[in-house]
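For reference, the structure is listed below as structure tokens.
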Amino acid sequence: MKSTLAQLTVQFDQALVAAFGPELAGTDPMLVPTTNPKFGDYQANLAMSLAKPLKQKPRDIATQIIENLDVSDLCEPPEVAGPGFINLRLKTQYLEDQLRAMQADPRLGVAPAEQPQKVIVDFSSPNIAKEMHVGHLRSTIIGDSIARVQEFMGHDVLRINHVGDWGTQFGMLITHLKEVCPKALEVGSSVDIGDLVTFYKQAKKRFDEDDAFKTRSREAVVDLQSGEDTATKAWKALCEQSRKAFQTLYDRLDIDIQERGESFYNPLLANVVKDLEAQGLLVEDQGAKVVFVEGFTNKDGDPQPLIIQKTDGGYNYATTDLAAIRYRIQQDGADRVLYVVDAGQSNHFTQVFQVAAKASWIPSGIELTHVPFGVVQGEDGKKFKTRAGDTVRLKDLLDEAVSRARADLENRIQAEERQETEAFIQNAAEVVGIGAVKYADLSHNRTSNYIFSFDKMLALQGNTAPYMLYAYVRVQGISRKGDIDFDHLPAEARIHLEDETEFALARHLLQLGQLVEEVARDLYPNYLCQYLFELSQKFNQFYDRCSVLQAAEPQRTSRLLLCDLTAKTIKLGLSLLGIRVLERM
RNA sequence: GGGGCUGUAGCUCAGCAGGAUAGAGCGGCCGCCUCCUAAGCGGCAGGUCGUGGGUUCGAAUCCCGCCAGCCCCGCCA
């Protein structure tokens, strides 16, 4: 299924050459969907921009293009409008053919990438020994969606969880563990360390208040770094405990991710330093080994360094990130590495990428991209906290979304005097609640800060997960009511567009391929949300105006096909966002 | 001091590889269920696109200055 845009582009190219000569070959026809349905389906904006080079009036240029343009298979006769827009209206027959092709395609007409790449998506990245909290929400949800889109496009995707499993904070944790829970260090032990947040706070309290504890903690850091047995066991026990807690949340969120934490790169750090030194990039400054980066100055206006090795010989996260870049390119064979990390780290990534580039560690054609996102704020516009002022745990956040979804559902069931099983209610509340949290996040442009509101995300109307799910459920309702098996409609059945709302719905459905490609390229899941919202709106308008089951044949079957195609599109779209659908709600 | 992000309707936000009268949802007001779930649909009201310049046939969108908010910047990650 060749995209409409691609076909039109070819025709415009030929028309330009025929009208104005071969030097115009390859000119961008500036084809975009129209801003208003009354202008048709697509508009070409190039005539205005050609006015100066061709020294002619834009409308005259547009007329000459049209005279040489052969799009009669696809479009009604093109029209020149306004200052020189060329408006194209797709033929009904063409739309119907495209819909048929889309129906027959399990990918719904979305072409896979021509050149599949190895894509690494680095996301989520919680810290060991700390609980996942609202701060991990966006990276986890956005990262998963980006990975899903890349996978759908046919890329070989490696989802990496760059967990914080190394660093000086482990000194106090190990020391505290050894003292309060020595059993955890025994062979084959599977002792539950308990609530890790409490554990972390206790350790931190002792570290801040008890000098002897602080000294033992510093020694434990050295032990850990040198591979000493007890310290290593304690570290592993802590990691294992965290891992279990993380996995529970990933399972609930339906997220697949592979752990490869900071400690993984420890054996590679010395070589990073060595290679930077060999290339003469490393400079000793105030006892630390640094690389000076361009485009940044410190408060005194002097060049700013990126610390590679600390005065005490230790490494920090810039070093780890550099080692990770080398490993991902050399060992994993990555073509594209996407770092789904908050916008606050943009300086860090700019600097690290700059150093890697200077060291020639990034072969041409390899793309390293920081995919930034804004912070989650409460409805007061400040950092999102509980009423008591604590960090919001991810588990609590999900629980609350689900319990609110459940309350809404139970009210509705009661109002409608329906009878539903506990299993039905439980499942529907979970899908709606989790879906709402994900959708609310993904539907905002990720670069802005995001104001978190349970009320808004769970609202039954507007650009929310429940609205999308409801549109899907409506289609399933038709199939139940009419005892329709969408997979076994007559093979020769076709969609015939008649009502205005059918045309609007069909045109929107056919934009899917173009849209998904944009999301895969630009990494903005909110484009997809916007698409699905508009699709659901157009479906609801159609549903409101056109009865399906009561229509006479062949209109009835045509409308059933349109419903089914809409539902499949919503399901696919939501799946790329990591959101499940329901048959009833 | 440097770097980054953000500023669009009362609120929450789209739109920003320039394009025809700036969009949506919520909230407000007015309509629509003998009919597939009204968790829906239609309509009305509401905007100096922070601000001042510039580029352009055309700027919310690109460039520069300014204002406001948030974030990051040498031995934490």
Side-chain angles (χ1 to χ4, degrees), chain A residues 28 30 32 34-36 38-39 43 45 48-49 51-52 57-58 81-85 87 125 127 164 166-169 262 285-290 293 295-312 314-318 320-321 342-348 350-351 372-375 377 379 381-383 408-409 412 416 418 443-445 447-451 453 455-456 459-464 466-467 469-471 473-482 522 526-527 529-530 533-534 537 540-541 543-551 559 563 584-585:
Chain A
D28 181 0
M30 302 174 76
V32 290
T34 52
T35 49
N36 186 318
K38 75 181 178 192
F39 300 133
Q43 60 185 64
N45 298 336
M48 282 86 79
S49 65
K52 192 164 276 182
K57 289 177 185 167
F85 297 105
N87 290 337
S125 310
N127 291 314
W166 202 252
T168 47
Q169 78 276 18
E262 291 168 351
D285 190 68
Q286 295 176 31
K289 291 182 177 173
V290 308
V293 288
F296 300 86
T297 59
N298 65 18
K299 287 168 190 165
D300 302 323
D302 297 327
Q304 195 167 298
L306 182 68
I307 295 183
I308 304 296
Q309 189 166 24
K310 300 188 286 186
T311 304
D312 67 3
Y315 306 102
N316 61 15
Y317 79 137
T320 306
D321 283 344
D342 73 89
Q345 309 240 11
S346 64
N347 282 351
H348 169 71
T350 305
Q351 294 171 0
F373 55 84
V375 300
Q377 297 171 316
E379 294 190 66
K382 294 178 183 167
K383 199 170 174 183
D408 280 345
L409 182 62
R412 169 155 287 279
E416 294 174 356
R418 285 156 59 186
S443 63
H444 288 81
N445 184 314
T447 54
S448 341
N449 290 342
Y450 156 50
I451 296 187
S453 162
D455 288 334
K456 290 208 167 86
L460 308 168
Q461 56 281 91
N463 189 6
T464 64
Y467 182 87
L469 292 170
Y470 180 60
V473 161
R474 280 186 137 178
V475 175
Q476 307 316 311
I478 290 173
S479 109
R480 272 194 308 280
K481 183 86 174 199
D522 299 337
N526 65 304
Y527 293 176
C529 295
Q530 189 66 28
F533 179 49
E534 287 169 11
Q537 280 183 316
N540 279 328
Q541 287 158 4
Y543 184 92
D544 199 54
R545 278 257 301 253
C546 303
S547 53
V548 178
L549 293 173
Q550 286 149 24
R559 287 182 174 170
C563 286
R584 292 194 303 124
M585 64 190 279

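The figures that follow rest on heavy atoms only: side chains count, while hydrogens, waters and symmetry mates do not. A note on names: the letters A, B, ... follow the listed sequences, proteins ahead of strands, and every chain is numbered from 1.
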Take N1-N3 plus N6-O4 or O6-N4 for Watson-Crick, N1-O2 plus O6-N3 for G-U, both under 3.5 Å. Which runs of 3 or more such pairs involve RNA chain B? B:1-7 with B:67-73, B:10-13 with B:23-26, B:28-32 with B:40-44, B:50-54 with B:62-66
For nucleotides 68-77 of chain B, tabulate all protein N/O to nucleotide N/O atom pairs closer than 3.5 Å, reporting atom names and distance.
unit_1	atom_1	unit_2	atom_2	d
B:rC72	O4'	A:G344	O	3.4
B:rC72	O2	A:N347	ND2	2.7
B:rC73	O2'	A:Q304	OE1	3.4
B:rC73	O2'	A:Q304	NE2	2.7
B:rG74	N7	A:D285	OD2	3.4
B:rG74	O6	A:D285	OD2	2.8
B:rG74	O6	A:Q286	NE2	3.3
B:rC75	O2	A:T311	N	2.8
B:rC75	O2	A:T311	OG1	3.1
B:rC75	N3	A:T311	OG1	2.6
B:rC75	N4	A:Q286	O	2.5
B:rC76	OP2	A:K310	NZ	3.2
B:rA77	O3'	A:E262	OE1	2.6
B:rA77	O3'	A:E262	OE2	2.3
B:rA77	O2'	A:E262	OE2	3.3
B:rA77	N6	A:Y317	OH	2.5
B:rA77	N1	A:Y317	OH	3.4

For A:R412, enumerate each residue passing the salt bridge (Lys or Arg N to Asp or Glu O under 4.0 Å) test, keeping only those at least two apart in sequence or located in another chain. A:E416
Salt bridge (Lys or Arg N to Asp or Glu O under 4.0 Å) partners of A:D455, counting only residues at least two apart: A:R404
With sugar-phosphate taken as primed atoms, P, OP1 and OP2 and all else as base, the protein-contact string of nucleotides 19-26 of chain B at under 4.0 Å (heavy atoms; B, S, -) is BBB--SSS
With A:Y470, which residues qualify under ring pair (Phe, Tyr, Trp, His ring centres under 6.0 Å), at least two apart? none
When we call it a touch if two heavy atoms are under 4.0 Å apart, what does A:R584 touch: a base, just sugar-phosphate, or nothing? base
Can you list everything that forms a salt bridge (Lys or Arg N to Asp or Glu O under 4.0 Å) with A:K456? Sequence neighbours excluded, please. none
Mind checking ring pair (Phe, Tyr, Trp, His ring centres under 6.0 Å) for A:F533 and listing every partner two or more places apart, or none if nothing turns up? A:Y467
Tell me every residue that passes ring pair (Phe, Tyr, Trp, His ring centres under 6.0 Å) with A:Y543, counting only those two or more places apart in sequence or in another chain. A:F539
Could I get the full list of side-chain hydrogen bond (donor to acceptor under 3.5 Å, both in side chains) partners for A:T168, not counting sequence neighbours? none
Hits for side-chain hydrogen bond (donor to acceptor under 3.5 Å, both in side chains) against A:Q309, two or more places apart or cross-chain, chain-then-number order -> none
Would you say a side-chain N or O of A:T464 is under 4.0 Å from OP1 or OP2 of B:rU12? no
Sequence neighbours excluded, which residues qualify as side-chain hydrogen bond (donor to acceptor under 3.5 Å, both in side chains) partners of A:D544? none
